[in-house]
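Both ligands and their constituent atoms are indexed starting at 1 by order of listing.
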Amino acid sequence: MTKTITEAKTNFGALRETREYKNYIDGKWVRSSSGKTFENRNPADREDLVGTFQESNADDLNAAVDAADRAFQSWRLVPAPKRAEYLYAVGAALKRDKEKVAREMAREMGKVLEETRGDVQEAIDMAFLMAGEGRRLFGVTTPSELPNKFNMAVRMPIGVAGLITPWNFPIAIPAWKTMPALVCGNTVVIKPASMTPLSVTMLAELFEEVGLPKGVFNVVTGGGREVGEPMIRHPRVPIISFTGSTEVGRDVSVGCAPQFKKVHLEMGGKNIIMVMDDADLDLAVDGALWGAFGTAGQRCTASSRIVAHRKIYDAFVEKLAARTKKMRVGNPLDPKVDMGPAISASQLKTVEKYVKIGREEGATVVTGGSALTDGDYAKGFFHQPTVFGDVKPDMRIAQEEIFGPVTAVMRCDSVEEAIAIGNGVKYGLSSSIYTRDVNKAFLAMRDMYTGIFYVNAPTIGAETHLPFGGTKQTGNGHREAGVAGIDVFSEWKSIYIDYSGSLQRAQIDTEEL
Ligand code: NAD
């Protein structure tokens, strides 16, 4: 990749080179026809310029779709086990480069290194899982209702897959979409979030390194309106897979409707931990801290609501507050730090806005409640981890996705009430219960209408071989990962082979048998 070198200071003050990164189209690194670039800066330290990226437009997107469409004609005919070998090679390359990629991601996204390593590991896991699928991609064979006739259903690729991804899992989510798309025989054009374009660019570098045929994987960076919308409208992109906010997801869905595109949406969440009166409280506090403040609360599955049984509410809140106060906020590359910054000034403003709303609604700030602006904090977008108590289920802080380090604790009198509160939001992504009572665990497992459910673990922590996604306004009926991911990126074709040598009519000639 050619690069333009400037100098920038890292968080630790050392000089490093800053590259101009390009789009990856048809196996080449190319500038946008707009002639414009945008900056990607470290949210923990705005003086740290991670890189400059192409501010692309519809022409760039069209060029990428042309390349992907051309490549599709041959890629779809490459045997799936052979396609899988490229995924395996990329998984191995990512494993080799895990630390480097994790460090760069910490700089561009702001979650602590331990978590960015997990993000890269998810991409590795997905690459290997889908490489295995290359030797499966199971279809169906089933008996015919007529003699001398053979029935089966096989998966077929769809075409150019348009992928639109958010900033909070900069490589895991792109991998969750790319790996199943490619193993099924589709080609890919991906538009990463403008706040974290480097991680996907690094993935493209690895695909280039392992020799993926040109045009099979293409990256176009730039804005949602400038690149995302033309992708949604493009007649030769028959499938769109989007992860992001419910508001933008709705626009994506509407944009895809006129052409009846296949559209897969993974959107917002307002997830709940239910803590029963028989729970191991220390375990529940461990889970609540990790669930609420991991990735500074910027996870679709973040434990942004907690409902605690009235009998243990005070003890639970006291323990949670004490542990929250001890959390160290700061530079995500510092191994002693527990929580990094918000991704942007506007995300920090949103957090502050909701803290104000929570106070005005009558909830109590048990701990936290302020942005951090002193000293080095002023260089980034930091906020204290914040626990609200005395929250009522209908308050806005208990209903709306904040996407920051804020959790809202409510009271309940029974598991039934906890479930009703849990289900009483417009989202349906993840939920969890802490209890030692198997009856309560099974009741909640049955009645929580969420796509993911945990027992004695927080609302975060999905594994790549199970379906991932949610109900209600979190999703549109599809799931990511596991075999569900294969379902998103393939179409069924049912095949009937009649070797009787005579006309046999289904449903009609069966009467004579
Ligand atoms: P966002 O909706 O603002 O942006 C997501 C992507 O859509 C970005 O790449 C953006 O550039 C693009 N985009 C924006 N406007 C567009 C348009 N008009 N047309 C096409 N594309 C457009 O979301 P975000 O702020 O990047 O991410 C945070 C959100 O993502 C949260 O709501 C979170 O819950 C959700 N999320 C959901 C999951 C899940 O699996 N359910 C996972 C991670 C994040």
Side-chain angles (χ1 to χ4, degrees), residues 38 40 43 53 55-56 58 61 108-109 111 119 122 162-177 189-197 199-200 219-234 237 240-256 261 263-271 294-304 342-344 346-348 350-351 400-404 425-430 450-452 459-460 462 464 466-481 484-485 488:
F38 64 90
N40 174 15
F53 289 82
E55 198 174 310
S56 309
L61 184 274
E108 76 165 348
M109 194 275 147
K111 55 183 161 187
D119 201 306
E122 262 186 66
L163 314 182
I164 301 176
T165 54
W167 45 264
N168 63 338
F169 281 84
I171 204 163
I173 291 176
W176 281 35
K177 298 182 188 304
V189 177
I190 181 166
K191 189 210 88 61
S194 294
M195 276 176 289
T196 55
S199 298
V200 168
V219 181
V220 183
T221 57
R225 296 230 173 279
E226 296 73 18
V227 181
E229 286 186 10
M231 179 191 278
I232 289 160
R233 285 196 303 269
H234 201 297
V237 181
I240 295 285
S241 177
F242 166 89
T243 299
S245 61
T246 296
E247 293 65 35
V248 175
R250 186 173 290 111
D251 291 346
V252 171
S253 184
V254 169
C256 288
K261 291 190 181 198
V263 55
H264 160 233
L265 305 172
E266 296 289 345
M267 301 174 286
K270 192 73 186 174
N271 316 288
T295 314
Q298 302 169 117
R299 286 182 184 236
C300 51
T301 50
S303 309
S304 52
I343 186 74
S344 64
S346 81
Q347 200 63 40
L348 179 61
T350 302
V351 174
E400 297 172 21
E401 188 182 46
I402 301 173
F403 227 55
V425 291
K426 67 179 180 181
Y427 301 108
L429 185 50
S430 183
T450 52
I452 307 169
T459 55
I460 67 176
T464 52
L466 272 75
F468 181 92
T471 61
K472 300 194 275 186
Q473 294 194 22
T474 294
N476 65 338
H478 297 288
R479 291 288 187 275
E480 198 134 57
V488 166

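In terms of N/O distances under 3.5 Å, ligand 1 is approached by Thr165. Below 3.5 Å of separation, one finds an N or O of Lys191 facing an N or O of ligand 1. Below 3.5 Å of separation, one finds an N or O of Trp167 facing an N or O of ligand 1. In terms of N/O distances under 3.5 Å, ligand 1 is approached by Glu229. For Arg299, no nitrogen or oxygen atom sits less than 3.5 Å from a nitrogen or oxygen atom of ligand 1, counting backbone and side chain alike. Looking at ligand 1, you'll find an N or O of Met267 within less than 3.5 Å of one of its N or O atoms.
A 4.5 Å side-chain heavy-atom check between Thr165 and Ile173 finds at least one atom pair inside the cut-off. Contact of the Gln473 side chain with the Met267 side chain is not registered, since no non-hydrogen atoms from C-beta on lie closer than 4.5 Å. Counting only heavy atoms from C-beta outward, the side chains of His478 and Val263 never approach each other to under 4.5 Å. In this structure, the side chains of Pro192 and Phe53 stay at 4.5 Å or more apart for every pair of heavy atoms. Counting heavy atoms from C-beta outward, Lys472 and Tyr427 have side chains that stay 4.5 Å or more apart.
Atoms of ligand 1 lying under 4.0 Å from any heavy atom of Arg225, numbered from 1 in the order shown and given with element: 18 (N). Within the listing of ligand 1, atoms 43 (C), 44 (C) sit less than 4.0 angstrom from a heavy atom of Asn168. With ligand atoms numbered from 1 in the order given, ligand 1 contributes 19 (N), 20 (C) to contacts under 4.0 Å with heavy atoms of Ile232. Short contacts between ligand 1 and Phe242, defined as distances under 4.0 Å to a heavy atom of the residue, involve ligand atoms 2 (O), 5 (C), 6 (C), 7 (O). Numbered from 1 in the order shown, with element, the atoms of ligand 1 that lie under 4.0 Å from a heavy atom of Ser245 read 1 (P), 2 (O), 23 (O), 29 (C), 30 (O), 32 (O). Which parts of ligand 1 touch Gly228 is read off a 4.0 Å heavy-atom cut-off, strictly below it: atoms 20 (C), 21 (N).
Judged by the shortest distance from any of its heavy atoms, Ile173 lies inside the 4.0 Å radius around the atoms of ligand 1. Taking 4.0 Å as the cut-off, Ala193 counts as a neighbour of ligand 1 on heavy-atom distance.
Inspection of the Ser303 and Thr459 side chains reveals an N or O donor paired with an N or O acceptor under 3.5 Å. Side-chain contact check for Ser199 and Glu108: at least one donor-acceptor pair (N or O, by modelled atom type) lies under 3.5 Å.
For the pair Glu229 (side chain) and Gly224 (backbone), a donor-acceptor distance under 3.5 Å is absent.
Counting heavy atoms under 4.0 Å from ligand 1, residue Thr243 touches it through both backbone and side chain. Only side-chain heavy atoms of Phe403 come within less than 4.0 Å of ligand 1; its backbone N, CA, C and O stay farther off. In Thr301, neither the side chain nor the backbone holds a heavy atom less than 4.0 Å from any atom of ligand 1.
For the pair Glu400 and Lys270, the salt-bridge criterion is not met [side-chain N within less than 4.0 Å of a carboxylate O].
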